[in-house]
Amino acid sequence: FPSHEGNGEAIIIPVKKGIHVFVETQKESTIVNLQYPSENITFKFIEEIKNPYLRLAIEIVRQLTMSKGMTWKPFKLTIDSTLVAEHGKYGLGSSGAITVAVIGALLKFYRVAFSPLMLYQLAVIATIQNFPDTSFGDVACSSFNQAIHYRKFTPEMTAMLKTLHVEKLLNLEWKGLHIKPIQLKMDLPVVVYSGTSSNSHQMVKKVQPHISQKWVNKSNQLLEKLLDDYQPNIIDQVHLHLIDLDKASQAGMVTESMQTIIQIAKDGGGVAKMSGAGGGDCVLVFIPKSKKAWFTKQMKSLNFVLLSDII
């Protein structure tokens with residue numbers, strides 16, 4: 001979670017599934033969304049696009065190309081996603097992924113060179129007006145496309161990111177920002193969909209008033225332990241630390257079905273924690289290899305969906 005002080009840290013792991021965006025020259029600008037045909041549109045002005053993530057991503061690239069003296073030309077933008085869930089929203093950072101994918105595809109279309117950091121920065125600038133409270137961790141992970149150690153920029157950066165021109169922001173040092181690719185020392189978890197989808201923005205609003213600097217400091221200490229020497233019990237400590245926040249905020253971060261998954265993991269000698277902001281979506285389960293088949297059988301008997309090909 002982003003804290004008021006802006007120094008909360010996280011380890012973020014990418015998923016194999018993602019969003020593919022293709023851009024090609026066309027006489028009229030068109031968006032084709034293969035998973036959500038209702039969003040298909042032929043448009044003359046960017047303001048006509050209803051989906052905020054698509055509209056803002058396209059607009060930030062327009063601003064950048066215009067500042068470089070480039071001619072804005074019509075295109076056909078096709079979106080093909082493997083993050084769309086058959087059973088519900090899995091909470092795998094699809095909003096961040098679509099923003100990054102659209103910006104990256106358009107930059108390539110206009111032949112503008114970019115780095116992972118620049119891609120992250122453009123995606124943040126594009127969306128911060130609408131979603132200032134998000135951590136942008138999903139954006140960072142999508143931009144770098146590998147496991148990262150992440151810390152959001154400090155709160156005082158927000159006003160600048162909302163007002164300064166995109167070219168100037170790309171040349172500024174973003175105070176407090178830390179994105180470092182890492183090699184994971186831990187076994188990858190089993191990802192189980194809880195059966196309920198969560199709204200992360202609503203959940204963050206509920207818990208944010210209860211996040212103290214003391215809570216953030218302890219969270220960062222646990223993260224450093226994971227980076228130094230992975231031990232399963234640290235995951236359990238992280239989960240209990242989140243439960244403390246859940247109790248203080250009464251936010252309902254752990255649903256009944258999530259608690260069932262976590263308890264079965266413990267029965268099998270494993271540990272587990274929620275993904276994202278909680279309140280639904282997925283549970284990350286770290287289970288001993290000798291108990292993996294047993295755990296899988298338990299989950300299937302209760303009709304939980306295992307996302308075995310996700311990470």
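One-based numbering along the sequence shown.
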Heavy-atom closest contact (Thr196 atom, Ser257 atom, distance): OG1-OG, 4.4 Å

Can you give me the closest heavy-atom contact between Asn145 and Pro14, atom names plus distance? C-CG, 4.3 Å

Where do Gly176 and Thr154 come nearest, in terms of heavy atoms and distance? CA-CG2, 3.9 Å

Is any side-chain heavy atom of Gln237 closer than 4.5 Å to one of Leu240? no

Donor-acceptor pairs under 3.5 angstrom involving side-chain atoms of residues 111-120: please list them, not counting sequence neighbours.
from, atom 1, to, atom 2, distance (Å)
Ser115, OG, Met118, N, 3.1
Tyr120, OH, Tyr150, OH, 2.8

Would you be so kind as to tabulate the donor-acceptor pairs closer than 3.5 Å made by side chains of residues 225-235, with sequence neighbours excluded?
from, atom 1, to, atom 2, distance (Å)
Asp229, OD2, Gln231, NE2, 3.4

Please name all residues satisfying salt bridge (charged side-chain N to carboxylate O under 4.0 Å, His left out) with Lys247, sequence neighbours left out, ordered by chain then number. none

Tell me which pairs pass salt bridge (charged side-chain N to carboxylate O under 4.0 Å, His left out) where either residue lies in residues 160-180, with sequence neighbours left out. Lys68-Glu167, Glu156-Lys175

The complete set of ring-ring contact (aromatic ring centres under 6.0 Å, His included) pairs with one or both residues in residues 274-306, sequence neighbours excluded, reads none

Considering residues at least two apart in sequence or located in another chain, which fulfil the side chain to side chain donor-acceptor pair (under 3.5 Å) criterion with His20? none

Apply side-chain contact (heavy atoms from CB on, under 4.5 Å) to Lys73 and list each qualifying residue two or more places apart in sequence or on a separate chain. Phe109, Tyr110

Can you list every pair that meets salt bridge (charged side-chain N to carboxylate O under 4.0 Å, His left out) and has a residue in residues 284-299, with sequence neighbours left out? none

Quick check: is Ile41 connected to Ile19 through a chain of hydrophobic side chains (ILVMFWY, heavy atoms under 4.5 Å apart)? yes

Could you pull out all residues at least two apart from Asp244 that satisfy side chain to side chain donor-acceptor pair (under 3.5 Å)? none

Quick test of your reading: applying salt bridge (charged side-chain N to carboxylate O under 4.0 Å, His left out), list the pairs with at least one residue in residues 256-276, sequence neighbours left out, ordered by first then second residue. Asp236-Lys266

Tell me, yes or no, whether the heavy-atom count around Met66 atom CE, taken from other residues, nucleotides or ligands under 6.0 Å, exceeds 12. no

Step through the shown structure and confirm whether more than 12 heavy atoms of other residues, nucleotides or ligands are within 6.0 Å of CD on Glu28. no

State, with a plain yes or no, whether a side-chain heavy atom of Gln146 is found less than 4.5 Å away from one of Ile13. no

Beyond-backbone contact of Ile148 with Ile182, side-chain heavy atoms, under 4.5 angstrom: no

Side-chain touch Phe75/Glu24, heavy atoms, less than 4.5 angstrom: no

For Glu39 and Asn51, the nearest pair of non-hydrogen atoms, with its separation, is OE2-ND2, 3.0 Å

Pairs satisfying salt bridge (charged side-chain N to carboxylate O under 4.0 Å, His left out), at least one member in residues 42-63, at least two apart: Glu59-Arg62

Leu302 vs Ile261 side-chain heavy atoms within contact, under 4.5 Å: no

Tracing side-chain contacts under 4.5 Å among Ile, Leu, Val, Met, Phe, Trp and Tyr outward from Leu34 reaches Val32

